[in-house]
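Just so it is clear, the values below take in all heavy atoms, side chains as well, and ignore hydrogens, waters and symmetry mates. Order of listing sets the numbers, starting from 1, for every ligand and every atom in it.
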Amino acid sequence: MAQIKILPIHLVNKIAAGECIERPSSVVKELIENAIDAGAGKIDVTIEQGGSKLIRVVDDAAGIEPDELPVAVAPHATSKLLDENDLYTISTMGFRGEALASIAAVSMTRISSVRPEARAGGSIEVIDGQCSAVRPYAGAGGTIVEVQNLFYNTPARRKFLKTPATEFGHIQEQIIRTALACPRIAFHLQHNGRTVLELPTAETLRDRIGDVFGPELAGPLMQVFVQDGTLGLEAYVCRPEDAKPSARWQYLFVNRRPVRDRYISHALREAYRGLIAADRQPIAFVYLDMDPTLVDVNVHPTKSEVRFVDPGQIHSLVLGSIRDRFLSTDFPARLMPDAVPEPASPSGHGRDAAGLKQSVTNALADFLRNTGSAQPNFKFDAPRSAPKPTSGAGQRFPNDPAVVTGPRQATEPEPVEQAQTDMGPSLSSPALQIHNTYLVVETSEGFMIIDQHALHERVLYQQLCDRLKAGSLPRQRLLVPQVVHLTGQQMAQLDAIKSKLNDVGIEVELFGPRSIGVHSLPALVDQVDAGEFIEDLLGRLEEQIEPEAEQTVEHILQSLACKAAVKAGDPLKPEEIRTLLDYREQIDLTSSCPHGRPTALRMTLAELQKRFKRT
Ligand code: ADP
Ligand code: MG
């Protein structure tokens, strides 16, 4: 047996670093939290190669005395906790006193700092756990922390770093999370020499949300504001019709600290229950302020999780206040057709639930009324770009045999009467479109109801996949490029997948710092609105974070198919219906659209007879 020994301090630090410094974004998090705690008005972050080469954070805050610099990088050294009681009433972002020590243990770190009232400051370097002597440093008031070659001395961890684009994605997300809660602090983020995020000081939380995600997103958000004793809630939440395909736009803060919390997330979902489709998520920025003794932030080294003394109280505050806000709001009655209202839950919000149910019922009635009024052919007759000759069927279903995959590829579609398969449509009688959304079709065994959007999406997706696999996804150059405006964050996100887009025939060019031009699209879907497509695609990719992953191409094709497909509410001409049903037989039929929603519901004659008690 080996002798028991106390570990040398540089090893202790390396082990501790493993806990709070997981990847470059963890370094950025710790450094900007330090700048905030020191009272920064502006924080500048410079990143090179996803942070593995350089992370530099510059602030204009209180600075560190030269002779305190070596102490700042010592483990468990902090100016933020004086005694044990402070631990239970933490009001600063940091308090563990281990971030700088941990960072310095796994990188080459230089800290240069000047107290604003002093004329000169100091600078130290820490390499391999060895702190240099303090050298004089003259610069503007504030602190510069430079972290080079992160994990150079922990090869196992360095190996786990993802590509620079992925690591930078995490860094950017980290800064956004923090910045959303500190509107008074200006942030600037640059990667490999390019500015990605430029957030000026903002007056209000809403202004900051707008600077990050664009005024189109921030403007329509509804403000929720409640003060219940020491417990305060300020939230910005979307109207139900603006809900997004992922939970990416949900940000939760407790005492201005970004957190994840399943109670708050659950309360949000409950608040929108019945008002949005099952596959949608609300946009929500939720800021809770509470007595620090009622929440424990010291649960996890990265402090991203908290523990509430009374989680039930937080849950009902969030749920109740958002519902109250809905009840006092007149929504333009519009509802996803598949947002079926759930039965009211007996959860102490009986009055609210009943009111909500009523508004959902009204909205549903309005939806059905509105979509009933036909707007003939507006989609099909107004091609957005490079008009093509129409051939009987509409633009969306070009009657081009090359487009059709499968055994009948080379021939004109056969007369539909003969195109009868076991359960497929038999169009001896024409298909009936109801509510401009569903197609009712007689089959040999009974009938079926097809969701026109889901089916078209499925068909397009299959065709895109097949053609890509066969190596021929022809691109259509647009006569006039479609211009799309994006946030800096979206720009970076898009930049990371540019080559994947090009692989499927989508050429994108930077137009300005916040806009791009789309020059070509796959010919099969060249009518798609590039703005809608990119917004949808980036939404799908948000949860993935790794732009080079295999699924990116899948997401691109799904998003294209979704946005190019006819929508619920689009009236279809009889020949368009026929073409669509015809395609249905030619694709490899599984019964789901790319999201896994069913495309068709079937009913047999036997079932009908049973229902009508004919047996
Ligand atoms: P903690 O933030 O938990 O106190 P850190 O290791 O992150 O621990 O920082 C140690 C100490 O260094 C802080 O308590 C603070 O006094 C000082 N410090 C770190 N960064 C800055 C900064 N940007 N400006 C001023 N002081 C700083
Ligand atoms: Mg800190």
Heavy-atom neighbours of E117 CD exceed 12 at 6.0 Å: yes
Go through ligand 1 atom by atom and flag the ones less than 4.0 Å from a non-hydrogen atom of [X].
X: T78; result: 1 (P), 4 (O), 14 (O)
X: T143; result: 22 (C), 23 (N), 24 (N)
X: A72; result: 10 (C), 12 (O)
X: A38; result: 24 (N), 25 (C)

Using heavy-atom distances, let me know which of L31, D59, N34 sits nearest atom 23 (N) of ligand 1. D59
Using heavy-atom distances, let me know which of A99, S79, A104 sits nearest atom 16 (O) of ligand 1. S79
Is the closest side-chain heavy-atom distance between [X] and [Y] below 4.5 Å?
X: F308; Y: M290; result: yes
X: K244; Y: L217; result: yes
X: I314; Y: L233; result: no
X: I516; Y: V518; result: yes

With a 6.0 Å cut-off on ring centres, are F253 and F285 close enough? no
Is the shortest N/O to N/O distance between [X] and ligand 1 below 3.5 Å?
X: L100; answer: yes
X: A62; answer: no
X: E30; answer: no

Heavy atom of A61, distance to ligand 1 below 4.0 Å: no
Looking at C182, is its backbone amide N or carbonyl O close enough to the side chain of R208 to form a donor-acceptor pair, meaning the two atoms are under 3.5 Å apart? yes
If the cut-off is 2.8 Å, does any N/O/S atom of N34 fall short of it from the Mg ion (ligand 2)? yes
Distance, nearest 0.5 Å, that separates CD1 of I497 from CD1 of I534: 8.0 Å
